[in-house]
**Q** 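Let me begin by handing over the structure; questions about it come next.
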Amino acid sequence: MTQDINIRLARPSDYDKILKLSEGIYEGYDYLPATYHTWMAMKNLHVMLAFSGDKLVSLVAGSVIDDGKTLVTRAGRTLPELRGQGINKLLSQALIDFVRKQNPVHERVRFTSVVKPEFALRRSQEYESILLLEKALLSCFVATSNQRSHQLVDIDSVEIHSCKKEYICDVIFRRERENLFPGNVIIADYFPFEPLRSNIDYLMQENSLIHFAVENCADGFSPKSFSIGVLSQRVKSPYWNVTIYSNDPLLYQAHLVHHFKRSCEDIEGEFLFACCQDQRFIDSGRMLLNKLVNIKSNESVDIKTLFLYEARPRTISSHI
């Protein structure tokens, strides 16, 4: 099948074909239809397409970040009837070759996944990928206004407040990088990046609806927690995804409440709320989400694990 495949970069005029390819993805919470035209206008973001004749059969996108060192692959999809035939592998290699020609400092490829670890590691053995991080991912559906509490009490009087990107880059990234970000990486809405100002600028170019938060602390002291929330449009309904970085359970809960309140203020109607955090906070996070949306069943909060993988060009050039 792969010998009949033609590969090229995407164009704005491919939008209708991409809509067709994306039908039914992520149970209606696909982000690509809403962000595709933004991607087309962005520097260092490339979308590669595979065609069989005139029919679009596969897609993979990649963002070049970390000052050119990292390619983050994303939005991979192939027609269901053609999966397992090597098309995505061929397309990924074409994207990597394209990026390496443009970026001599390119070092690695990273990607996030929620698949079971045994499957991902089995696949990555071919690429000699390594697992960098695991995060717990909790999500729940916020359906109606009566599920939104506007009188939520603060957690033990911990005050969380919004902050601008300048504070994040000049204070958090400089003083607390090693303490807050294991592996020197941040994940925002499934997207991994190093704590660099250039990456924050890149993220805000793609989506201006980004909310940074830290706890209130005395003058001269740096916050010991950080969270980043991203509001994105999906086919079915809006999606608020927050990642919380903290070693303190009370600070973690305070950040979760803060972002839930903010999401209810910013979004009218139903939406999906998701939180990415350290594995040890799964139980307390689930209990708090149940309280926030006024639901009694733990089954209403979906629990997954988000994995971050990395592959190096030495093996990628010959295998992907």
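Counting begins at 1 with the first residue of the sequence.
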**Q** Would you check if the side chain of Ser284 reaches a backbone N or O of Phe281 as a donor-acceptor pair within less than 3.5 Å?
**A**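 Checking the backbone N and O of Phe281 against the side chain of Ser284, a donor-acceptor pair under 3.5 Å is found.
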**Q** I need the minimum non-hydrogen distance between Asn247 and Asn179, along with the two atoms involved.
**A** ND2-O, 4.1 Å
**Q** Going by side chain to side chain contact (heavy atoms under 4.5 Å, CB included), Ser58 matches just one of Ile5, Leu49, Leu82, Asn88. Which one?
**A** Asn88
**Q** Side chains of Gln205 and Asp201: do they bring a donor and an acceptor to under 3.5 Å?
**A** no
**Q** Got a donor-acceptor contact below 3.5 angstrom from the Asp30 side chain to the Ile25 backbone?
**A**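 Absent.
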**Q** What about Val230 and Tyr167, same hydrophobic cluster or not, with Ile/Leu/Val/Met/Phe/Trp/Tyr joined at side-chain heavy-atom distances under 4.5 Å?
**A**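 Hydrophobic grouping puts Val230 with Tyr167.
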**Q** So, taking the atom named CG in Leu32 and the one named CZ in Arg234, what distance separates them when rounded to the nearest 0.5 Å?
**A** 10.5 Å
**Q** To check you understand the geometry: which heavy-atom pair defines the closest contact between Val158 and Leu251, and what is its length?
**A**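 Shortest heavy-atom contact: CG1-CD2, 3.5 Å.
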**Q** Please say yes or no: joined through hydrophobic side-chain contacts below 4.5 Å, possibly via intermediate residues, are Val105 and Leu45 part of one cluster?
**A**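 No, no single cluster joins them.
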**Q** Can you confirm whether the side chains of His255 and Ser225 place a donor and an acceptor under 3.5 Å from each other?
**A** yes
**Q** Please lay out, stage by stage, how Leu138 and Leu256 fare under the test side chain to side chain contact (heavy atoms under 4.5 Å, CB included).
**A** CA-CA 11 Å; Leu138 304 176; Leu256 183 55; 6.0 Å; no
**Q** Would a 4.5 Å heavy-atom cut-off, applied to side chains only, mark Asn207 and Ser232 as touching?
**A** yes
**Q** What's the shortest heavy-atom distance between Asp14 and Leu9, and which atoms?
**A**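 So the minimum-distance heavy-atom pair works out to OD2-O, 4.5 Å.
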**Q** Evaluate side chain to side chain contact (heavy atoms under 4.5 Å, CB included) for Phe193 paired with Asp66, printing each intermediate quantity in order.
**A** CA-CA 7 Å; Phe193 57 93; Asp66 300 339; 4.2 Å; yes
**Q** If I compare all heavy atoms of Ile160 with all of His258, which pair ends up nearest, and what's the gap?
**A**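 Closest approach of Ile160 to His258: O-ND1, 3.5 Å.
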**Q** Looking at Lys20 and Asp54, does any basic side-chain N land under 4.0 Å from a carboxylate oxygen?
**A** no
**Q** Walk me through whether Cys169 and Ile200 qualify under side chain to side chain contact (heavy atoms under 4.5 Å, CB included).
**A** CA-CA 8 Å; Cys169 297; Ile200 295 296; 4.2 Å; yes
**Q** Looking at Thr78, is its backbone amide N or carbonyl O close enough to the side chain of Arg83 to form a donor-acceptor pair, meaning the two atoms are under 3.5 Å apart?
**A** yes
**Q** For the pair Ile65 and Asn44, evaluate side chain to side chain contact (heavy atoms under 4.5 Å, CB included) and give the outcome as yes or no after the intermediate values.
**A** CA-CA 8 Å; Ile65 59 167; Asn44 293 334; over 6 Å; no
**Q** Are Ser63 and Tyr202 linked by a side-chain donor-acceptor pair shorter than 3.5 Å?
**A** yes
**Q** From Leu137 CG over to Ile282 CD1, what is the distance, rounded to the nearest 0.5 angstrom?
**A** 10.0 Å
**Q** If the plane angle is over 60° it's perpendicular, under 30° parallel, otherwise tilted; pick one for Phe260 and Phe273.
**A** perpendicular
**Q** Donor-acceptor pair, distance only, cut-off 3.5 Å: does the side chain of Tyr245 make one with the backbone of Pro182?
**A** no
**Q** Pair Asp283, Arg286 - check salt bridge (Lys or Arg N to Asp or Glu O under 4.0 Å), show working.
**A** CA-CA 5 Å; Asp283 291 338; Arg286 180 175 60 180; 3.7 Å; yes
**Q** Does Phe111 offer a backbone N or O that forms a donor-acceptor pair with the side chain of Thr73 under 3.5 Å?
**A** no
**Q** Answer yes or no: does atom CD of Gln279 have more than 12 heavy-atom neighbours from other residues, nucleotides or ligands under 6.0 Å?
**A**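 It does: Gln279 CD has more than 12 such atoms within range.
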**Q** Which of parallel (below 30°), tilted (30 to 60°) and perpendicular (above 60°) describes Phe212 and Phe226?
**A**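 Because their plane-to-plane angle is under 30°, the rings of Phe212 and Phe226 count as parallel.
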**Q** Under 4.5 Å between side-chain heavy atoms, counting indirect links through other Ile/Leu/Val/Met/Phe/Trp/Tyr residues: same cluster for Val235 and Leu272 or not?
**A**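 No, it is not one cluster - the side chains of Val235 and Leu272 are not joined through contacts under 4.5 Å.
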**Q** Specify the closest pair of heavy atoms between Ala143 and Phe141, including all atoms of both residues, with the distance to one decimal.
**A**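 Looks like CB-CE2, 3.6 Å.
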**Q** If two hydrophobic side chains count as joined below 4.5 Å and joins carry through other members, does Val142 share a cluster with Ile267?
**A** yes
**Q** Are the side chain of Glu310 and the backbone N or O of Arg110 linked by a donor-acceptor pair below 3.5 Å?
**A** no
**Q** Answer yes or no: is there a side-chain heavy-atom contact under 4.5 Å between His259 and Trp240?
**A**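 Counting from C-beta outward, His259 and Trp240 do come under 4.5 Å.
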**Q** Is a side-chain N or O of Arg177 found less than 3.5 angstrom from the main chain of Pro195, in a donor-acceptor match?
**A**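 Yes, because the side chain of Arg177 sits within donor-acceptor range (under 3.5 Å) of the backbone of Pro195.
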**Q** Can you tell me how far apart CZ (Arg108) and CG (Leu71) are? Round to the nearest 0.5 Å.
**A**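 Here the interatomic distance stands at 11.0 Å.
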**Q** Just wondering, do His46 and Val64 contact through their side chains at under 4.5 Å, heavy atoms?
**A**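 When only atoms from C-beta onward are counted, His46 and Val64 do touch, with a gap below 4.5 Å.
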**Q** Would you check if Tyr29 and Ser237 make a side-chain contact, meaning some heavy-atom pair closer than 4.5 Å?
**A** yes
**Q** Answer whether the closest heavy-atom distance between the side chains of Asp266 and His211 falls below 4.5 Å.
**A** no
**Q** Quick one, Leu231 and Ser263 - any side-chain contact, counting heavy atoms below 4.5 Å?
**A** no
**Q** Between Arg74 and Trp39, is any pair of side-chain heavy atoms under 4.5 Å apart?
**A** yes
**Q** Do Phe51 and Leu79 belong to the same hydrophobic cluster, where Ile, Leu, Val, Met, Phe, Trp and Tyr are linked whenever their side-chain heavy atoms lie under 4.5 Å apart, directly or via other members?
**A**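 As far as the 4.5 Å side-chain criterion goes, Leu79 and Phe51 are connected within one cluster.
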**Q** Can you tell me if Tyr309 uses its side chain to pair, donor with acceptor, with the backbone of Val109 under 3.5 Å?
**A**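 Answer holds: no.
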**Q** Supply the atom-to-atom distance Leu56 CG to Lys17 NZ, rounded to the nearest 0.5 angstrom.
**A**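 So the gap between those two atoms works out to 8.0 Å.
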**Q** Write down the atom of Leu196, the atom of Phe173, and the distance for their closest heavy-atom approach.
**A**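 Residues Leu196 and Phe173, closest heavy atoms: N-CE1, 3.6 Å.
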**Q** What is the distance from atom SG of Cys140 to atom CZ of Phe271, rounded to the nearest 0.5 Å?
**A** 7.5 Å
**Q** Nearest 0.5 Å, please: how far is CD1 in Ile7 from CG in Leu90?
**A**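 Answer rounded to 0.5 Å: 4.0 Å.
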**Q** Using side-chain heavy atoms (C-beta onward) and a distance below 4.5 Å, is Phe181 in contact with Ile172?
**A**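 When only atoms from C-beta onward are counted, Ile172 and Phe181 do touch, with a gap below 4.5 Å.
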**Q** For Lys224, is there an ion pair with Glu215 - N to carboxylate O distance below 4.0 angstrom?
**A**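 Between Lys224 and Glu215 there is no salt bridge, as every charged N stays at least 4.0 Å from the carboxylate O atoms.
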